[in-house]
There are 2 protein chains.
Amino acid sequence: MEPRPTVVPPPIQLRIADDIRMQIERGELTPGDSLPTLAELAERWSCSVGSARAAIALLKAQGLISSGRGKAPVVRVPPRKVIRSSERHQVEKDLAARPEAERAVVGEAETNLNMQISEQEFRSRYDQVEARAALADLFRIEPTDLVLRRRYDSTDRATGLLLSSSVSYMPVALVSPNPALLDEANEPWPGGTQHQLSTVGVEIMTIIDEVTARMPTTAEAQLWGLPDGVPLILCRRISLDANEKVVEVSDAEYPADRTELRFVTPLKPWPKRRSNGGKTSGRQGGRP
Amino acid sequence: MEPRPTVVPPPIQLRIADDIRMQIERGELTPGDSLPTLAELAERWSCSVGSARAAIALLKAQGLISSGRGKAPVVRVPPRKVIRSSERHQVEKDLAARPEAERAVVGEAETNLNMQISEQEFRSRYDQVEARAALADLFRIEPTDLVLRRRYDSTDRATGLLLSSSVSYMPVALVSPNPALLDEANEPWPGGTQHQLSTVGVEIMTIIDEVTARMPTTAEAQLWGLPDGVPLILCRRISLDANEKVVEVSDAEYPADRTELRFVTPLKPWPKRRSNGGKTSGRQGGRP
DNA sequence: GAGTGGTCTAGACCACTGT
DNA sequence: CAGTGGTCTAGACCACTCC
């Protein structure tokens with residue numbers, strides 16, 4: 001009944017895994033190094049090969065090592081991270097107000113750094129679906145109202161793996177004044193979504209990014225070519241106009257091992273009269 | 001040599017796991033439901049118990065189910081997410097410019113919603129350490145220069161589990177004009193970091209949040225009480241003054257299943273003369 | 001071909017959950 | 001107490017890598 005603090009030694013798998021993890025943290029094993037083979041581990045710890053394998057599996061699930069048939073497990077080399085910055089929001093807005101010639105030049109391309117555009121295969125698919133509860137709520141429309149769904153993804157021509165993937169939703173009623181917006185044949189649209197919306201009189205004034213993460217399913221891990229133990233970062237972007245009305249919602253996914261999202265928040269200056277350039281005012285309050 | 005497209009049936013573990021995952025996605029199994037026992041699965045798929053267990057282990061690593069000794073695995077119930085919004089940055093800045101009486105009231109407390117303050121145990125530890133390469137780079141100081149390291153965490157008194165955890169760094173040279181800032185006994189400081197910095201003449205004008213995610217180590221999962229298959233969200237916050245000088249760096253971790261980070265980006269309006277309220281200008285460009 | 005890890009089996013023991 | 005999943009063992013077979 002009472003939570004007995006019995007001193008049970010942790011399972012052998014954990015002890016092995018922990019030992020290896022500490023070797024990595026201490027730098028005795030560096031990225032790229034090979035680990036001992038399962039048989040060696042089993043002998044060194046006088047346990048079965050199965051237990052050694054379980055230890056390795058744990059480290060794989062934590063994203064620390066990679067392994068495959070025929071060769072010893074390897075300390076994973078963290079890939080260089082691609083930075084996706086929220087400053088792009090303003091850049092795209094500015095671009096939308098420029099003349100067409102300029103917009104056409106600064107194409108979509110740059111959204112995917114680190115790789116030649118010619119090595120990527122882009123796809124965009126448009127269709128119209130019912131808003132359903134969640135989206136209807138955001139757009140303040142009826143659940144049965146139609147939204148334009150635009151799915152974008154690009155894959156690496158060489159490997160067939162996903163490089164980026166996102167879905168965007170806009171109420172059909174909002175964009176239908178310009179029928180060109182409903183046709184995927186017009187992709188890639190020079191100037192991007194913000195310019196598209198400008199053609200129906202919409203100016204985006206605020207963008208909200210909602211970020212979380214989860215593990216990929218087996219299928220997702222395969223599509224992205226994700227090693228074990230790498231989470232997916234989920235980012236929902238909500239665009240508002242001057243009246244705080246939601247005009248676009250977009251969901252994007254990023255592999256966490258090669259992605260860093262960057263958000264820049266400018267702060268308003270303090271009111272003028274408080275110059276406060278002085279040295280110190282000392283401790284000014286605190287617990288009563 | 002040639003990549004032979006042999007049609008090998010996927011391993012049993014994967015077929016079982018996939019079947020269960022699809023049942024969850026179709027709604028035939030809803031959060032809280034119990035799964036078949038290992039023995040049942042083994043019989044239904046005519047495989048060994050070990051393979052059934054491997055399937056369950058995979059689903060656990062994907063964060064879809066929970067299991068423990070003595071009872072059948074259960075479809076995981078996603079916890080309600082705590083929203084952490086970047087709008088707090090401005091709120092804290094405004095607060096720092098208010099008189100002390102006001103600052104004292106609107107204490108730190110609210111940073112941890114969803115729980116009485118009395119149920120939490122706060123800890124703050126200050127020390128001074130060498131900047132090392134990474135931080136020295138950011139602060140543009142020497143690697144051997146000292147930085148003030150402030151570690152904050154709060155734990156649930158009842159369960160002993162971590163509720164929040166962060167570390168903050170500031171160059172000692174920057175804050176030392178006000179010695180009160182070097183002493184952890186002055187925590188919690190009414191008005192927070194932004195007010196603390198104001199006492200040495202620093203006004204933060206820009207905050208950059210860098211977000212990524214990774215799987216927790218075994219120890220981290222235990223500290224936070226994380227179930228298997230839940231990533232940690234990492235957020236590094238860099239604060240700049242009016243000269244774009246880095247004045248503070250802080251690293252925070254959040255359990256991904258309970259956390260949503262929200263970033264609000266206000267956009268500058270288009271130049272006046274372009275009213276563009278009109279209907280449509282049609283398709284205006286595109287691929288040459 | 002020798003050695004590797006991945007899959008799978010069968011069975012033992014233990015810790016924990018329910019009734 | 002019976003039944004459950006967690007740990008661990010020992011061994012078979014296969015796919016793959018490297019020499």
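These figures come from a predicted structure and were not determined experimentally.
- Partners of A:Phe263 according to the ring pair (Phe, Tyr, Trp, His ring centres under 6.0 Å) rule, which considers only residues two or more places apart in sequence or in another chain, are B:Phe263.
- Summarising the geometry, the separation between CG on B:Leu58 and C1' on C:dC8 is reported as 16 Å, rounded to the nearest angstrom.
- Under the 4.0 Å criterion applied to side-chain N and carboxylate O atoms, B:Arg214 and B:Glu220 are assigned as salt-bridge partners.
- Contact check for A:Thr155 versus A:Leu161: no side-chain heavy atoms found under the 4.5 Å cut-off.
- Under the 4.0 Å criterion applied to side-chain N and carboxylate O atoms, A:Asp127 and A:Arg150 are not assigned as salt-bridge partners.
- Each of A:Arg236, A:Arg237, A:Arg149 was checked for a salt bridge (charged side-chain N to carboxylate O under 4.0 Å, His left out) with A:Asp251, and the lone residue meeting it is A:Arg236.
- The distance from atom CG of A:Leu41 to atom C1' of D:dT9 is 16 Å, rounded to the nearest whole Å.
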Next item on the list: Assign a letter to each nucleotide of nucleotides 2-7 of chain D from its 5' end: B, base within under 4.0 Å of a protein heavy atom; S, sugar-phosphate only; -, no contact.
Entry: -BBBBB
